[in-house]
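Down below is the structure, laid out as structure tokens.
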Amino acid sequence: RLRATRCETSAMKLTSLLGPAHILAGLSAQTKGDAIREMLELLEREGALGALPGDAPDVDALWRKLMEREERGSTGLGSGVGYPHVRLEGFADFLLSLAISRAGVQFDSPDGQPVRLMLTAIVSPEKNNLLLGVVACLSRLMSDRPLQERLLDAESSQAAWRVLEEADLEVKESVVASDIMKREFRAVPPGMSLADAAAVMHTERVDALPVLDAGGRLIGEVTARGLFAACLPPYFLDLPTVRFATDFDAFEHFFSEKAHVPVSDILGEQVHAIDPDTPLAEMIARLARGDVLRLYVVAERRLVGVIDSFSIIDKVLSI
């Protein structure tokens, strides 16, 4: 059952954090390390590093800190977007810059694509919400291919800034479900056979699939646990052990009795659906429960995204 959750969040435009002087429209570097250094050198020339702690801005020290973060795991987000960042003790502000590379820079991104839009952030450890807010904003940029192309076509920093200004991208100082959900997912119809559903799970490398009706509305999920249960006679599930059943072939039982049964016959009793505006704390609290493995994001009764534990690790805890 869908439980709608609304929260009021403060928001600002991305361009309020990123001025034209901190945009490099023609990044020349070809490696990750050189790209990050080139961006830092731009900020140094613009005098943007003067507010950093210490007697003088030290590009080399900042570069080492950013590269140490990359060694813990690439900040390449995928879809051509990268987000190198560092939390800097003693720094009380949030410094953001953008570099545009038409050729692309290899970043060890999860999808293997080179980074062509690189936002670099130097941030106070007390501004984690803002750091996450930019990540959420970038997730929208990643899904907007025409916007990416307009940025790549920009011939100057001013032109790139105007593209971002017109796009009206918002940075919220909080993260909600729509910011981190997986927007691409495989779903199955209620009439699909269990054997076919198992084949889809194998292809997609997942242990659960949302089940949608003809209108795209979420009506349940089919899980590996449900398929396992279908391999056994119902009374087996009530026994403390089935070690005595040495002659029983669960594989044969499944294909002779259950393979052609529709998934609608084994839908889970409860689907954990949430509103797109559900806040991060509630998502984590729900996923911390032992019986909740994934959350389905529903808007106007239609499934629009999926969140599992890795979504939180990937988009929040690893930042």
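Residue indices begin at 1 and follow the sequence shown.
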task = Calculate, to the nearest 0.5 Å, the distance between atoms CG and CZ belonging to Leu212 and Arg186 respectively.
result = 11.5 Å

ask   = Hey, does Lys32 have a side-chain heavy atom less than 4.5 Å from the side chain of Asp108?
value = yes

request  = Determine yes or no for a side-chain-to-main-chain donor-acceptor pair under 3.5 angstrom, with Trp63 supplying the side chain and Ile36 the backbone.
outcome  = no

task = Go through the steps to decide whether Thr278 and Leu295 satisfy the test side chain to side chain contact (heavy atoms under 4.5 Å, CB included), and finish with yes or no.
result = CA-CA 11 Å; Thr278 301; Leu295 303 170; over 6 Å; no

key: Side-chain touch Ile274/Met283, heavy atoms, less than 4.5 angstrom   = yes

Heavy-atom closest contact (Val211 atom, Pro189 atom, distance) = CG1-C, 3.9 Å

Got a list of side-chain donor-acceptor pairs under 3.5 Å for residues 153-161, not counting sequence neighbours?
unit_1 : atom_1 : unit_2 : atom_2 : d
Ser156 : OG     : Ala159 : N      : 3.1
Ser157 : OG     : Pro20  : O      : 3.4
Trp161 : NE1    : Leu18  : O      : 2.9

message = Take a 6.0 Å sphere around CZ of Arg225 and say whether it holds more than 12 heavy atoms from other residues, nucleotides or ligands.
response = no

query = Testing Leu66, Asp60, Asp58 for side-chain contact (heavy atoms from CB on, under 4.5 Å) with Leu40, which one passes?
reply = Leu66

inquiry  = I'd like to know if the side chain of Ser124 pairs up with that of Glu126 as donor and acceptor (distance under 3.5 Å, no hydrogens or angles considered).
reply    = yes

request  = State, with a plain yes or no, whether a side-chain heavy atom of Tyr296 is found less than 4.5 Å away from one of Val306.
outcome  = yes

request  = Kindly say whether Glu165 contributes a backbone atom to a donor-acceptor pair with the side chain of Asp168 at under 3.5 angstrom?
outcome  = no

ask   = Taking C-beta and beyond as the side chain, do Arg87 and Leu131 meet within less than 4.5 Å on heavy atoms?
value = yes

request  = Could you tell me the separation between the CD atom of Glu221 and the NE2 atom of His272, rounded to the nearest 0.5 Å?
outcome  = 7.5 Å

query = Side chain of Arg140, backbone of Asp179: donor and acceptor closer than 3.5 Å?
reply = no

query = Is Val222 close to Met201 at the side-chain level, that is, under 4.5 Å between some pair of heavy atoms?
reply = yes

query = What's the shortest heavy-atom distance between Val115 and Gly82, and which atoms?
reply = CG1-N, 3.6 Å

key: Separation of Leu141 CG from Leu77 CG (nearest 0.5 Å)   = 9.5 Å

ask   = Which value, rounded to the nearest 0.5 Å, describes the distance between Arg301 atom CZ and Leu218 atom CG?
value = 10.5 Å

ask   = Which heavy atom of Leu88 sits nearest a heavy atom of Ile122, and at what distance?
value = CD2-CG2, 4.0 Å

ask   = Is it true that a side-chain atom of Glu170 and a backbone atom of Cys137 form a donor plus acceptor pair closer than 3.5 Å?
value = no

query = Any side-chain donor-acceptor pair under 3.5 Å between Gln106 and Thr31?
reply = no

key: Working for side chain to side chain contact (heavy atoms under 4.5 Å, CB included), residues Leu98 and Ile100   = CA-CA 7 Å; Leu98 169 65; Ile100 300 171; 4.2 Å; yes

query = Are the side chain of Glu46 and the backbone of His22 linked by a donor-acceptor contact shorter than 3.5 Å?
reply = no

task = Determine whether more than 12 heavy atoms belonging to other residues, nucleotides or ligands lie under 6.0 Å from atom CD of Gln30.
result = no

query = salt bridge (Lys or Arg N to Asp or Glu O under 4.0 Å) with Asp308: which of Lys182, Arg294, Arg286?
reply = Lys182

key: Check against salt bridge (Lys or Arg N to Asp or Glu O under 4.0 Å), Arg116 and Glu149   = CA-CA 10 Å; Arg116 301 196 295 171; Glu149 292 299 330; 3.4 Å; yes

message = Taking Leu152's backbone N and O only, do any of them form a donor-acceptor pair with Arg102's side chain (distance below 3.5 Å, no angle check)?
response = yes

ask   = Okay, side chain of Arg69, backbone of Gly73: is any donor-acceptor separation there less than 3.5 Å?
value = yes

query = Just how far is it from atom OG of Ser79 to atom CG of Leu138, taken to the nearest 0.5 Å?
reply = 11.0 Å

From CD1 (Ile312) to CD1 (Ile180), nearest 0.5 Å = 3.5 Å

key: Residues Glu166 and Arg150 bridged, charged N to O under 4.0 Å   = no

task = Heavy atoms only: give me the nearest Val263-Pro190 pair and the separation to one decimal.
result = CG2-O, 3.3 Å

message = In this structure, would Leu132 and Leu287 fall into the same cluster of hydrophobic residues linked by side-chain contacts under 4.5 Å?
response = yes

ask   = Can you tell if the side chain of Ile266 reaches within under 4.5 Å of the side chain of Leu194, non-hydrogen atoms only?
value = yes

Single-linkage hydrophobic cluster Leu293~Val298, side-chain heavy atoms < 4.5 angstrom = no

inquiry  = Is there a side-chain contact between Leu96 and Leu14 in this structure, where contact means two heavy atoms from C-beta onward sitting under 4.5 Å apart?
reply    = yes

ask   = Can you tell me if NZ on Lys65 sees more than 12 non-hydrogen neighbours from other groups inside 6.0 Å?
value = no

note = Nearest heavy-atom approach of Met39 to Ala99 is SD-CB, 3.4 Å

ask   = Does the side chain of Val297 reach to within under 4.5 Å of the side chain of Leu303, using non-hydrogen atoms?
value = no

task = For Phe185 and Glu204, run side chain to side chain contact (heavy atoms under 4.5 Å, CB included): C-alpha distance rounded to whole Å, both residues' side-chain angles, the deciding distance at 0.1 Å, then the answer.
result = CA-CA 9 Å; Phe185 49 84; Glu204 300 294 323; over 6 Å; no

request  = Compare every heavy atom of Gly19 with every heavy atom of Ile23, then report the nearest pair and how far apart it is.
outcome  = CG1-O, 3.6 Å

Side chain to side chain contact (heavy atoms under 4.5 Å, CB included) assessment of Leu24 paired with Glu38 = CA-CA 9 Å; Leu24 183 60; Glu38 190 172 344; 3.6 Å; yes

